[in-house]
Each structure stands twice: as structure tokens, then as C-alpha cells.
K.L.:
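Please read through the structure below; I'll follow up with questions.
By convention in this document, chain letters (A, B, ...) are assigned in the order of the sequence lines, proteins followed by strands, and residues within each chain are numbered from 1. All values derive from a computational prediction rather than experimental measurement.
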There are 2 protein chains.
Amino acid sequence: MTTLSIGELAERVGVGIDTIRYYERSGLLAPATRLPSGYRRYGAAELRRLLFIRRAKALGFSLPEVQELLELSSRKSVASIKRAAEAKLADIDRRIDELNQIRHGLESLVEACPGHGRAEACPILHALAGEAPR
Amino acid sequence: MTTLSIGELAERVGVGIDTIRYYERSGLLAPATRLPSGYRRYGAAELRRLLFIRRAKALGFSLPEVQELLELSSRKSVASIKRAAEAKLADIDRRIDELNQIRHGLESLVEACPGHGRAEACPILHALAGEAPR
DNA sequence: CTTGACTCTGGACCCGGGTCCAGAGTTCAG
DNA sequence: CTGAACTCTGGACCCGGGTCCAGAGTCAAG
């Protein structure tokens, strides 16, 4: 069997059936070819495309961004693909930097906290402003 | 005036009025003190707390996570505060690791891409298409 | 042929994190 | 005093990215 039902495709890619239909509805996947019964059938190309979508998602691309990538790839514009990847890379770097900043702040608080004694001596508490809601 | 109206507070923190009410509804901010008219008034503690929330959000914490951070101050034991802070630190480290993995994958693709020529020469496309690297 | 598993559709619903609205009351500068 | 600007409430709505449902039709193993 070189074609797959939607359930088989979903299983292979590790995604829900509803997700595939959702991707079709939102234009990420072309409308599937149908059996006379109306059942969708998928071939190798659709499998590759769906895997492409999942991998791009795993790299942090949103669905609209994935769609852009797919369109770019069909236009054979290597330069713009590279630019998109570089922009996403810069995006990830920015997120990492931000996390590192809070990491260092939190780390220095943890290091300065004796771990015992009166609450007033805990610098973690001092760093938190205001009263907790009750 | 040492107290602020909700609009003034919103302006100072750079957030919408509705967001402040939303935070109050969802328990991140204690119910505001009210004027006889029912208008909310805010003091320095609330301002600090709201700034804390925005900073933590800007650093990628979800609202429930921010709430956890804030609730550290209501713990009785300094030791448990420290443990919670350490757990949050480990959490941040895990996130940074994940982002770094994505980052390295993307970076090597970007570096390997010539940035011009035919699509077949673009390793980014090949990687997304699930082809073995050559 | 029967039966259980699969698939179809349109639409509702979920979560997070807000954002906007109408209609009524309040505050304040001039 | 007046009018503009502000604030109140409850509820509706938005986006992203799915997820679930009912009721009807289809497929395939035994």
C-alpha cells in the first residue's frame, strides 16, 4: 500500500488526526485526494510535507512562518530561506539571553540565602515586592 | 498623591487597564483598596508587585509561574523558599538547554547554507524535508 | 454478512493571556 | 456648573493551535 489513510499518516508522523484536518483547513496542507467514499488518501509527498511542518514547528516556527517557509521553498529562493532561518536564530538567541538574565538574578538570590533563620534574612523574599494575595 | 488610579498605574507600568483588572481577577494582584466610589487606588507596594509581574512575564514566565514566584514570600520556612527558588532555577536551566539545542541545529544549517543558488543546494530545505545530510 | 474500527462533516470547546464593549456612575479642570 | 475624561461591572470576543463531539457513512477481518 503506497497510500495512507489519515489515521495511518497521523500515526507515522506522531500527530492527531484532527491536527491533519486542521492543517488542511488552514492551508498548510493541500486538500487531500479522496477515495470515492470521501476518505482522504495520502502519498509520500504529503508524508514528507507533514514531517517538514512538524520539524519546522519543533525548531520554533509558528504555523504562519512554516507556511512562509513552504512557499519560499517552492520558489527556490535560497537566499530568503537563509534569511528566515537567520531571523529565527536571532529570535532564539534573544530568548536565551533573557532567560540567562533571570537565571543569574535568581542564582545570586539563591546563593545569598542562608536557607535557614528568620524570613527577614532571606534575600529572595526581599526581592519580591508587595504582599501575596490571599 | 501617593496613591494611583488604575489608569495612572497602568500608564506607569506600561500595561492596559484591563490587564490590571484581569490580574486581579486571576489572583496575581490582591483585590485593590477602593474609594467610597468604588474606584481602585494603588500604592507603592502594588506598583512594585505589578512591575515584578511584568518583568517576570517579559522573561518568559507564564502567569501561573509568576504566581508561584510571588507565593514564595508567603512560605513559612526559609528553607522551603530556597528550595522553591532552586527548583525554579533548574526549570530555567532546562528551558535554556532546550533552546540551545534548537539553536545549535538551526545554526549549523544556516552556516552550511551558501545563501544562493538552486534550492537543491540549501541544507535548510534538505533538513526540513527530512533528507539525510550528505 | 456482521461487527468493530475507521472516517466523514460542521461546529463547539479548550487554554492562555488578554482586549473590548455598553451603559452607568465619578472626578476634575475651567 | 458643566463637559470631558475617567472608572465601574459583567460579559463577549480575539488569537493560536489545536481537540472533541455527534451522527452518519465506510472498510475489512472473520
K.L.:
OP1 or OP2 of D:dT7 versus the side-chain N and O atoms of B:Ser5: is any pair under 4.0 Å?
P.N.:
yes

K.L.:
Answer yes or no: does a side-chain N or O of B:Arg40 lie under 4.0 Å from OP1 or OP2 of D:dT7?
P.N.:
no

K.L.:
Per the end-axis method with five pairs at each terminus, what is the bend angle of the helix from C:dC1-D:dG30 to C:dG30-D:dC1, to 10°?
P.N.:
10°

K.L.:
Over how many whole Å does the gap from A:Glu24 atom CD to C:dG10 atom P extend?
P.N.:
11 Å

K.L.:
Roughly how many Å is it from CD1 in B:Ile6 to P in C:dG18, rounded to a whole number?
P.N.:
14 Å

K.L.:
Could you tabulate the donor-acceptor pairs under 3.5 Å formed by side-chain atoms of residues 56-67 of chain A, not counting sequence neighbours?
P.N.:
from	atom 1	to	atom 2	distance (Å)
A:Ser62	OG	A:Glu65	N	3.4
A:Ser62	OG	A:Glu65	OE1	3.4
A:Glu65	OE1	A:Ser62	N	2.7
A:Glu65	OE1	A:Lys88	NZ	3.0
A:Glu65	OE2	A:Lys88	NZ	3.1
A:Gln67	NE2	A:Gly27	O	3.2

K.L.:
Using OP1 and OP2 only, check whether a side-chain N or O of A:Arg34 sits under 4.0 Å from C:dT9.
P.N.:
yes

K.L.:
Using every non-hydrogen atom in the two residues, find where A:Gly16 and A:Ala10 come nearest and quote the distance to one decimal.
P.N.:
C-CB, 4.1 Å

K.L.:
Please state whether the phosphate of C:dG17, meaning OP1 or OP2, lies under 4.0 angstrom from any side-chain nitrogen or oxygen of B:Ser26.
P.N.:
no

K.L.:
At less than 4.0 Å, is any side-chain N or O atom of A:Lys57 found next to OP1 or OP2 of D:dG18? Yes or no.
P.N.:
yes

K.L.:
So B:Gly16, base contact, sugar-phosphate only, or nothing? Heavy-atom distance under 4.0 Å.
P.N.:
nothing

K.L.:
Quick one: salt bridge (charged side-chain N to carboxylate O under 4.0 Å, His left out) partners of A:Glu86, sequence neighbours excluded?
P.N.:
none

K.L.:
Between B:Tyr23 and C:dG18, is there a contact of a side-chain N or O with OP1 or OP2 at under 4.0 Å?
P.N.:
yes

K.L.:
Might you work through the salt bridge (Lys or Arg N to Asp or Glu O under 4.0 Å) test for B:Asp97 and B:Arg94, ending with a clear yes or no?
P.N.:
CA-CA 5 Å; B:Asp97 282 350; B:Arg94 198 176 38 69; over 6 Å; no

K.L.:
So, is A:Arg41 near the phosphate of C:dC8, with a side-chain N or O under 4.0 Å from OP1 or OP2?
P.N.:
no

K.L.:
Sequence neighbours excluded, which residues qualify as side-chain contact (heavy atoms from CB on, under 4.5 Å) partners of B:Glu11?
P.N.:
none

K.L.:
Treating Ile, Leu, Val, Met, Phe, Trp and Tyr as nodes and any side-chain heavy-atom pair under 4.5 angstrom as an edge, say whether B:Tyr39 and B:Ile20 lie in one connected cluster.
P.N.:
no

K.L.:
Suppose we screen for salt bridge (charged side-chain N to carboxylate O under 4.0 Å, His left out). Which residues come up paired with A:Glu24, at least two apart in sequence or across chains?
P.N.:
A:Arg34, A:Arg40

K.L.:
Output one letter per nucleotide in nucleotides 21-30 of chain D: B when a protein non-hydrogen atom lies under 4.0 Å from the base, S when only the sugar-phosphate is that close, - when neither is.
P.N.:
----BBS---

